[in-house]
Trainee: 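Got a structure for you, written out below as structure tokens; questions coming shortly.
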Amino acid sequence: QEQLVESGGGLVEAGGSLRLSCAASGHTFASYAMGWFRQAPEKKRAFVAAISWSGGSTFYAESVKGRFTISRDNAKNSVYLQMNSLKPEDTAVYYCAAELDNPWGTSYRSSEYDYWGQGTQVTVSS
């Protein structure tokens with residue numbers, strides 16, 4: 001059983017930056033892919049970014065390409081999401097998730113992820 005805990009959310013002005021962190025408690029963190037998703041009010045949960053088990057491959061939603069960067073530190077059992085040039089439409093609850101079956105980080109459907117954190121709120125004011 002993997003437990004994931006996000007942190008780093010908050011209120012920021014448009015154009016600002018935030019760095020989200022996700023700490024995992026399991027002993028096999030380095031063997032699977034991780035992803036970030038977000039859910040805005042009254043909208044479905046949406047893919048943001050994913051990273052392979054080694055960190056060698058990353059994938060992004062078109063809406064965040066060039067602004068967000070996903071990274072991981074397997075020694076610290078952690079994955080990060082650096083968010084720059086934030087826009088009001090980035091406002092959402094952000095979730096990290098672990099995908100056990102595909103270590104390459106190519107999954108963008110929430111149904112393919114096995115474990116989820118509780119989420120952290122990001123609010124971008126205009």
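None of the values given here were measured: they were computed from a predicted structure.
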Trainee: Does some side-chain heavy atom of Thr28 sit less than 4.5 Å from a side-chain heavy atom of Glu2?
Mentor: yes
Trainee: Under a 4.5 Å side-chain heavy-atom rule over Ile, Leu, Val, Met, Phe, Trp and Tyr, are Phe59 and Met34 clustered together?
Mentor: no
Trainee: Got a sec, which residues hit ring-ring contact (aromatic ring centres under 6.0 Å, His included) with Tyr94, two or more places apart in sequence or on another chain?
Mentor: none
Trainee: Can you give each donor-acceptor pair under 3.5 Å made by side-chain atoms of residues 119-126, sequence neighbours left out, with the distance rounded to 0.1 Å?
Mentor:
{"unit_1": "Thr120", "atom_1": "OG1", "unit_2": "Gly9", "atom_2": "N", "d": "3.2"}
{"unit_1": "Gln121", "atom_1": "NE2", "unit_2": "Ala92", "atom_2": "O", "d": "3.4"}
{"unit_1": "Gln121", "atom_1": "NE2", "unit_2": "Thr123", "atom_2": "OG1", "d": "3.3"}

Trainee: Between Ser78 and Lys76 (side chain of the first, backbone of the second, donor and acceptor by atom type, cut-off under 3.5 Å), is there such a pair?
Mentor: yes
Trainee: What about Tyr95 and Ile51, same hydrophobic cluster or not, with Ile/Leu/Val/Met/Phe/Trp/Tyr joined at side-chain heavy-atom distances under 4.5 Å?
Mentor: no
Trainee: Any side-chain to backbone donor/acceptor pair from Asp114 onto Leu100? Under 3.5 Å, distance only.
Mentor: yes
Trainee: Kindly work out whether a path of hydrophobic side-chain contacts (I/L/V/M/F/W/Y, heavy atoms less than 4.5 Å apart) joins Val93 to Phe37.
Mentor: yes
Trainee: Which residues pass the side-chain contact (heavy atoms from CB on, under 4.5 Å) test with Ala50, sequence neighbours left out?
Mentor: Phe47, Tyr113
Trainee: For residues 39-81, which residue pairs qualify under disulfide (SG to SG under 2.5 Å), counting only residues two or more places apart or in two chains?
Mentor: none
Trainee: If the condition is side-chain hydrogen bond (donor to acceptor under 3.5 Å, both in side chains), which residues does Asp90 pass it with, not counting sequence neighbours?
Mentor: Arg38, Arg67
Trainee: Quick check: do Ile70 and Tyr80 have side-chain heavy atoms less than 4.5 Å from each other?
Mentor: no
Trainee: When you measure from the side chain of Glu6 to the backbone N and O of Gln118, does any donor-acceptor pair fall under 3.5 Å?
Mentor: yes
Trainee: In this structure, are over 12 heavy atoms from other groups packed under 6.0 Å from Trp116 atom CH2?
Mentor: yes
Trainee: Within a radius of less than 6.0 Å around OH of Tyr108, do more than 12 heavy atoms belonging to other residues, nucleotides or ligands occur?
Mentor: no
Trainee: Hey, is the main chain of Gln3 close enough, under 3.5 Å, to the side chain of Ser25 for a donor-acceptor pair?
Mentor: yes
Trainee: With heavy-atom distances below 4.5 Å as the criterion, would you say the side chains of Phe68 and Leu86 are in contact?
Mentor: yes
Trainee: Which residue pairs satisfy the side-chain hydrogen bond (donor to acceptor under 3.5 Å, both in side chains) criterion with at least one member in residues 52-61, sequence neighbours excluded?
Mentor: none
Trainee: Judged by atom type as modelled, is there a donor-acceptor pair below 3.5 Å linking the side chain of Gln39 to the main-chain atoms of Lys43?
Mentor: yes
